[in-house]
Every structure is written in C-alpha cells, then in structure tokens.
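Read through the structure below, which is laid out as structure tokens, and then see the notes.
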Amino acid sequence: MNTLAKEQSVDVDSREYVDALRHSCAHVMAQAVQELFPGTRITIGPAIENGFYYDFDGPHHFTEEDLPKIEKRMRQIAEGNHPFIGKEVTPEESRKFWEARGEKFKVELLDGIVARGEKVTHYSHDNYVDLCRGGHLQDTRGIRHFKLLSVAGAYWRGDEKNPMLQRIYGTAWPTKDQLDKHLKMLEEAKARDHRKLGPALDLFSIQELAGPGLIFWHPKGGLMRLIMEDWLRAEALARGYQMVYTPHIANVELWNTSGHRSFYKDNMFGEIEVEKGEYQLKPMNCPFHILIYQSRLRSYRELPLRLSELGTVYRYERSGVLHGLMRVRGFTQDDAHIFCTPDQIEGEVEGCIDFALHVFKTFGFERYQMEVSTWDPAKRSDYIGDEGDWGRAQAALESVLKRRGVPYKLCPGEAAFYGPKIDVKLIDAIGRSWQLSTVQFDFNLPRKFGMEYIAPDGSRKQPLMVHRALYGSIERFFGILIEHYAGHFPLWLSPVQVKILTLTEAQNDAALALESRLKAAGLRPAVDLRGEKIGAKIRDAQLEKTPYMVVLGPRDVASGTLAVRLRDGRQLSGVTESQFVSKLSQECAEKLTSPHWEQPQ
RNA sequence: GCCGGGAUAGCUCAACGGUAGAGCAAUCGCUUCGUAAGCGAUAGGUUGUGGGUUCGAAUCCCAUUCCCGGCUCCA
C-alpha cells in the first residue's frame with residue numbers, strides 16, 4: 001500500500017481503485033496525445049484487465065516510437081497532482097462543447113447517453129475535459145506506475161463496418177512492484193511462446209508453401225501427440241465411449257441438411273466438384289456422427305450412445321485471426337456426441353465434467369474456470385428447441401457443477417442458438433486463461449436430421465444430443481501445454497526422456513548398450529556420442545529440456561552405476577540402473593509433473 | 001477481412017543507394033575431456049516473391065505472400 005493511498009484512506013487493492021487508476025491513466029494519456037498530436041480526435045478510453053486503452057482518430061499514424069514521448073508527457077501531467085473533477089452538464093451544453101472542438105465521436109456518444117435518458121457528466125483534470133461517466137482517482141498523484149505497451153487498430157464501437165481507430169494500450173498499477181511483476185509476466189509469456197518454442201524444440205512447424213494455419217507435426221511433436229491421443233482414447237473407451245472414424249469431406253447436401261451451409265458458410269472452405277456433385281471439407285464432425293446413429297433404427301436400450309472421434313476439421317478462418325497452434329485452419333478435435341434420453345442428461349453431463357477434470361489433473365493444470373452459458377429468455381425466438389428441453393438442460397448443467405462443488409460463472413444470454421453449454425477455461429502456469437473444453441447441448445441437429453429412437457412404449461422419440469470436446473483441439477491443447485510447461489514437459493510426455501552423454505569415445509559401446517536396455521525397459525532414451533566436451537553436451541541437452549541426463553565416463557562404466565543429472569540441475573551419483581529404470585517408470589506411470597527424487601546429500 | 005508494423009544464411013542480428021557480413025548451428029579435421037559453449041578449416045544468400053525508379057537497389061516506389069500487435073470472430 002502506498003503512502004498516498006493511506007493518506008486518502010483508499011484500499012489500493014480493491015478492483016474499484018485499480019479500475020479508477022487505469023481509467024484515470026487513460027484520460028491523462030488522451031490529454032498527452034492531443035497535446036502532442038494536434039488534430040487527434042478522442043473516442044473512448046476504458047480500464048481493462050491489467051491496464052487501459054484509449055481509441056483515437058486522426059491524421060497521425062501512431063507507431064511504437066511515439067509511446068515513450070507520450071509516456072513522458074503523461075508523467076509530467078501526472079506530477080502536476082491535478083484533481084479529477086466531475087460535473088453534470090446539460091445535453092445542450094455538452095453538445096455545444098464537443099461540436100465546437102470537432103469531436104464527432106464524443107457527439108455520437110452524447111447522443112447515446114441522451115437517448116438512454118442518462119445524466120451527462122464531464123470530468124476534467126488539469127486543462128483537459130472528457131465526456132465520461134466517472135470512476136477516477138481523486139487526483140493524478142496515484143498515476144505513477146504505468147507503461148504504454150502497444151499500438152493497434154480497433155473498430156469504432158467494435159463493429160467491423162465502422163471506421164478503424166488507432167488504439168494505444170497501456171498497463172497501470174498501484175505500486176511499482178505490481179507493475180514490475182506484470183511486465184515480468186509479459187516477458188515470461190514471450191519467452192514461453194509456443195510459436196517460438198515449438199519450432200526450437202523441433203515439435204512442429206507451419207510452412208509457407210503449404211499455407212497459413214496448417215500444422216506440420218515433426219517427429220517429436222508427433223510422438224507427443226500420439227501419447228496424448230492414446231491416453232485419451234483409452235480413457236474414452238473406459239468411460240463407455242465408442243471410437244469412430246468419418247470422412248474429411250462430404251456432399252454439400254449433408255451440409256444443407258445440417259444447416260451449416262447457411263449459418264456456418266463463412267467458415268467453410270469452398271465446394272470441390274466431384275463428378276456431378278459438389279463436396280465440402282468438414283468444419284465439424286457432428287453431422288457425420290448423426291449419420292452413424294441413423295444408419296439403423298435405434299432403441300432406447302442403446303442409449304446413451306457415445307460416439308467419439310479424433311476428428312480433423314477444416315475451417316476457413318480469416319487470415320488476420322490465425323495464431324500459431326491456437327487458431328488454425330485445419331485441426332483435430334477430440335470430439336464426441338452423446339445421444340441420450342431426457343432422464344439421462346444429468347448423468348451424461350456429470351460424466352463429461354468428471355472426464356474433463358480428469359484431463360486437467362492428468363496434464364498438470366491445477367486451476368480452471370467454468371462458465372455456464374444459458375439463454376436469454378427475453379429473446380426466445382433467437383433459439384431453436386422447446387422451452388422444457390432448455391430448462392432441463394440448463395438445470396442439469398448447473399446442478400452437476402453444484403453437486404461436484406465446482407465454482408462456476410453463470411453467463412445468461414451467452415448460449416448458442418442451438419443450446420446451452422459449459423465452457424471450461426483453464427489457467428496456465430503464469431496465470432493466463434485458455435478456452436479449452438466445452439460441453440454443449442444441441443437441440444438443432446436432431447431436429448434437422450429427424451433423429452429418432454424407439455421408446456419403451458414403442459413410440460418414436462427424438463434423442464437429446466450433447467456435443468463435447470475436452471482437449472478442444474489437439475493443436476490448441478498442445479500449444480497450451482508447451483506454454484504451461486515452457487517446454488519442460490512431464491516425463492510421460494517428453495519425446496526424449498533420457499539423454500546419455502559420453503565423456504569420451506571409450507564409452508560409446510557402453511552408451512549404446514545402455515540405450516538399448518532403457519529402450520527395452522519402455523523408456524525413450526537417446527545418446528550423444530559427439531566429440532564434444534561434457535559441458536557442451538549437457539548444455540545442448542539442457543536447451544532441449546531433456547528431463548534426465550546420464551553422464552557416462554570411465555568411472556561409471558567401472559562402477560556399473562549411473563551419474564544422473566536432472567533438468568533442474570540436481571545431480572545424483574551412484575544410482576543403480578534398476579533404481580533408475582524403476583524411478584522413471586514410476587514417474588511415467590503416475591504421470592508426475594515433476595520428478596520425485598530426494599534431494600541428494 | 002480490417003488498421004499498423006515487419007521479412008537479410010537453419011537461428012540471432014549487421015550492412016540503410018556503391019561489389020551482402022558476424023556469432024551460433026551445420027560439415028570436415030584436431031582434441032578424449034567429469035556436469036550449461038574446446039580449437040581450426042569449409043560450406044552456406046538471385047536480401048520472402050514479382051514488377052518499377054536508378055549508371056547502380058537488401059536499401060527508394062508499387063503489387064503480392066507470409067509473419068507480428070490488435071480489432072472482429074473462435075476449438
């Protein structure tokens with residue numbers, strides 16, 4: 001807590017204070033920008049998570065080089081200790097004020113405020129005035145620990161039909177420590193960026209000749225994917241899922257039936273002509289699983305039917321949105337569709353949640369956030385499906401989370417038009433959240449396809465459909481894993497688990513023999529026989545983030561024991577080979593995220 | 001898709017109108033070494049691509065591809 005806050009008896013850690021600080025910072029930035037770049041018009045400048053931004057319109061094209069200049073002027077202004085003063089003004093006064101300055105965006109905002117019947121307020125500090133509903137510090141003294149970060153484009157009012165404004169992002173904090181910590185986190189995030197680490201560790205690449213958004217899994221990444229897939233398949237089978245495989249393209253008639261050709265058209269690759277028909281790459285697996293369901297008449301006795309596939313889909317994402325492994329044009333979903341009766345939904349939802357939590361735990365994610373998206377009853381006509389189904393489904397989603405004691409956020413109005421859902425965002429090692437698993441009801445497709453089952457009374461009923469993905473996409477999940485571990489993968493996922501480093505050529509045979517014994521024991525070893533010094537070999541293995549290194553010199557060959565070095569720098573000597581194998585095997589079997597060796601003496 | 005910024009050897013960068021360089025990596029040779037970089041040599045580039053301006057273009061202009069920061073959208 002800083003002295004200023006004490007003096008003003010404010011809780012500097014409260015969200016209100018921090019937001020006020022950031023919002024105030026935005027005002028000061030707008031003042032600085034308008035002073036330094038005359039002719040710049042202002043729009044809005046809110047506080048956001050970790051910082052603030054302000055959107056500008058004007059003749060000057062801002063670049064990163066402008067930021068230090070703006071920052072400097074901001075500091076000067078802030079040091080003036082100007083109080084923030086709010087006052088209510090009449091709409092007429094306000095209009096006159098903004099029109100006189102040619103601030104057309106502010107006039108537009110004013111129109112909105114007036115139309116909503118809200119009070120019009122102006123907030124000023126120093127000689128600067130902004131149309132603003134308030135939420136500021138008492139004065140500019142609290143604005144000390146901030147940094148401008150980047151320049152970006154942003155649509156006026158977030159609508160892509162509107163003109164593009166220039167946005168300057170900044171971060172601001174009550175204390176220097178917090179600012180430094182945040183800047184350090186940004187640096188850390190940059191250092192563990194999967195787009196950098198992935199190719200550096202030879203896990204994957206994206207090839208310009210092949211096209212953007214298409215992933216090439218290299219041998220090491222491919223092996224990791226294999227492990228992730230095998231683990232997931234085994235889990236799914238154990239949980240009563242049945243694995244299926246379906247094609248990558250289908251006749252446009254299928255997409256007409258499913259409705260994707262209308263509501264998902266923009267995200268689908270174009271038609272491929274085949275003889276007299278037209279085909280399209282699949283953007284989703286759902287219709288294919290429905291076709292399997294419909295391949296014969298189904299009885300209620302078969303339900304719940306859980307069809308699962310590692311299904312590769314292709315989506316025509318707009319070029320500007322692609323991002324490493326996180327947002328691509330071709331990806332594989334661990335996709336399953338559960339067809340069930342109304343009285344089975346709660347059990348099925350619970351099964352999904354349970355499975356998702358198991359996935360997180362296994363891969364070492366401790367923290368996550370659940371969001372339940374429900375409909376907005378006021379806009380009933382926007383949704384497909386009957387009210388009873390929606391009600392039951394939403395109740396099931398919530399009651400499962402409550403029963404499991406999983407905290408969640410309710411997001412009314414966030415449901416898709418075809419059903420409510422649970423989205424899971426997991427929090428990675430440095431506190432960032434990622435959208436991952438999703439459990440969604442679908443009241444649309446069963447209807448579109450006329451799905452049925454024979455009920456106990458002999459009547460034909462429509463099954464309920466739940467769509468669920470846990471990894472979400474294997475590509476994205478892999479990207480998150482890389483960043484979460486910064487490349488220091490748990491042993492069971494590491495493509496190379498043990499690197500055997502020879503001291504001299506005399507140990508080559510012993511090294512190769514050890515390698516094959518470790519292989520036979522089910523481990524993934526590699527040898528480094530190069531004529532380099534041991535320091536260089538260790539350095540290289542370390543840069544590859546290999547979990548275990550075994551240094552093999554004459555002493556070790558003579559003693560028959562292993563000199564083991566862990567990725568974290570710990571060294572263990574005199575380890576017997578059987579101890580080593582059993583420790584590593586156990587570490588893999590238990591899927592430990594960090595090795596459990598005792599500290600050496 | 002939109003706004004802005006980029007692209008030089010496998011990687012990190014230099015040269016900023018006057019014959020493209022360095023370190024690391026690679027290859028070969030020497031070294032046989034005890035826990036994060038031994039020594040030397042060699043090879044590696046139509047400066048993303050295509051046009052244009054110029055006596056001369058990595059450098060200036062136009063187009064295009066891809067990448068980056070965002071917006072919009074999303075697994």
Side-chain angles (χ1 to χ4, degrees), chain A residues 53 55 57 61-66 149-169 190 193 195-196 199-200 202 205-213 264 266-267 283-285 311 313 315-335 416 423-425 434-438 440 467-477 479-480 501-508 529-544 549-556 563-567 569-573:
Chain A
Y53 67 78
D55 284 347
D57 177 52
H61 286 291
F62 293 102
T63 66
E64 308 258 322
E65 279 117 61
D66 294 326
L149 297 175
S150 61
V151 185
Y155 298 106
W156 167 233
R157 302 197 143 173
D159 188 331
E160 60 181 319
K161 290 179 198 82
N162 284 339
M164 175 100 15
L165 306 169
Q166 300 184 70
R167 174 172 298 180
I168 299 180
Y169 280 97
K190 213 169 156 187
D193 191 325
R195 292 168 302 178
K196 187 90 189 153
D202 202 15
S205 65
I206 297 170
Q207 304 285 338
E208 185 169 346
L209 186 59
Y264 211 69
D266 290 347
N267 278 302
M284 294 191 187
N285 302 299
V313 297
R315 297 184 184 175
Y316 178 49
E317 299 290 352
R318 298 198 286 176
S319 57
V321 307
L322 301 172
H323 183 96
L325 292 173
M326 305 300 192
R327 190 78 183 273
V328 295
R329 283 186 173 153
F331 60 100
T332 301
Q333 295 179 304
D334 63 315
D335 207 0
D423 282 328
V424 190
K425 291 183 173 157
W434 303 93
Q435 156 80 52
L436 198 73
S437 313
T438 180
Q440 308 190 353
H467 167 113
R468 132 295 67 151
L470 304 182
Y471 290 160
S473 110
I474 298 183
E475 284 75 5
R476 179 177 289 181
F477 188 73
I480 296 168
L501 313 176
T502 52
L503 210 64
T504 74
E505 268 171 5
Q507 289 81 47
N508 283 7
L529 302 178
R530 292 175 306 161
E532 295 288 347
K533 290 177 84 166
I534 196 66
K537 293 189 184 188
I538 286 172
R539 179 168 194 271
D540 290 342
Q542 202 72 53
L543 290 174
E544 288 164 15
M549 284 154 254
V550 172
V551 174
L552 210 56
R555 294 209 295 264
D556 312 291
V564 177
R565 183 190 163 101
L566 277 67
R567 184 160 55 180
R570 276 186 281 165
Q571 289 174 40
L572 313 159
S573 55

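All chains are named by letter (A, B, ...) in the order of the sequence lines, taking the proteins before the strands, and each is independently numbered beginning at 1.
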Check: Quantified in whole Å, what is the C1' atom distance between nucleotide B:rG48 and nucleotide B:rA9?
Finding: 14 Å
Notebook entry, point to check: Between B:rU32 and A:K537, is there an OP1 or OP2 to side-chain N/O distance shorter than 4.0 Å?
Noted result: no
Margin query: With a cut-off of less than 4.0 Å, is there a side-chain N or O of A:T63 near OP1 or OP2 of B:rG5?
Written below: no
Under the side chain to side chain contact (heavy atoms under 4.5 Å, CB included) test, which residues partner [X], sequence neighbours left out?
| X | result |
| --- | --- |
| A:K196 | A:D193 |
| A:D266 | none |
| A:P199 | A:F204 |
| A:R555 | none |

Next item on the list: Sort by first number and list every stem of RNA chain B: at least 3 consecutive Watson-Crick or G-U wobble pairs, both distances under 3.5 Å.
Entry: B:1-7 with B:65-71, B:10-13 with B:21-24, B:26-30 with B:38-42, B:48-52 with B:60-64
Restricting to side-chain hydrogen bond (donor to acceptor under 3.5 Å, both in side chains), what partner residues turn up for [X], sequence neighbours left out?
| X | result |
| --- | --- |
| A:E544 | A:K499 |
| A:R476 | none |
| A:T502 | A:K537 |
| A:N267 | none |

Item checked: Sidechain N-carboxylate O distance under 4.0 Å for A:E160, A:R318 -> yes
Note to self: Across nucleotides 39-50 of chain B, 5' to 3', mark each nucleotide with B, S or - according to how protein heavy atoms within less than 4.0 Å reach it.
What the structure shows: ------------
Item checked: nucleotides 70-75 of chain B: protein proximity per nucleotide (B base, S sugar-phosphate only, - neither; heavy atom, under 4.0 Å) -> BBBBBB
Next item on the list: List in chain and number order the residues that pass salt bridge (Lys or Arg N to Asp or Glu O under 4.0 Å) with A:R565, two or more places apart in sequence or in another chain; answer none if no residue qualifies.
Entry: none
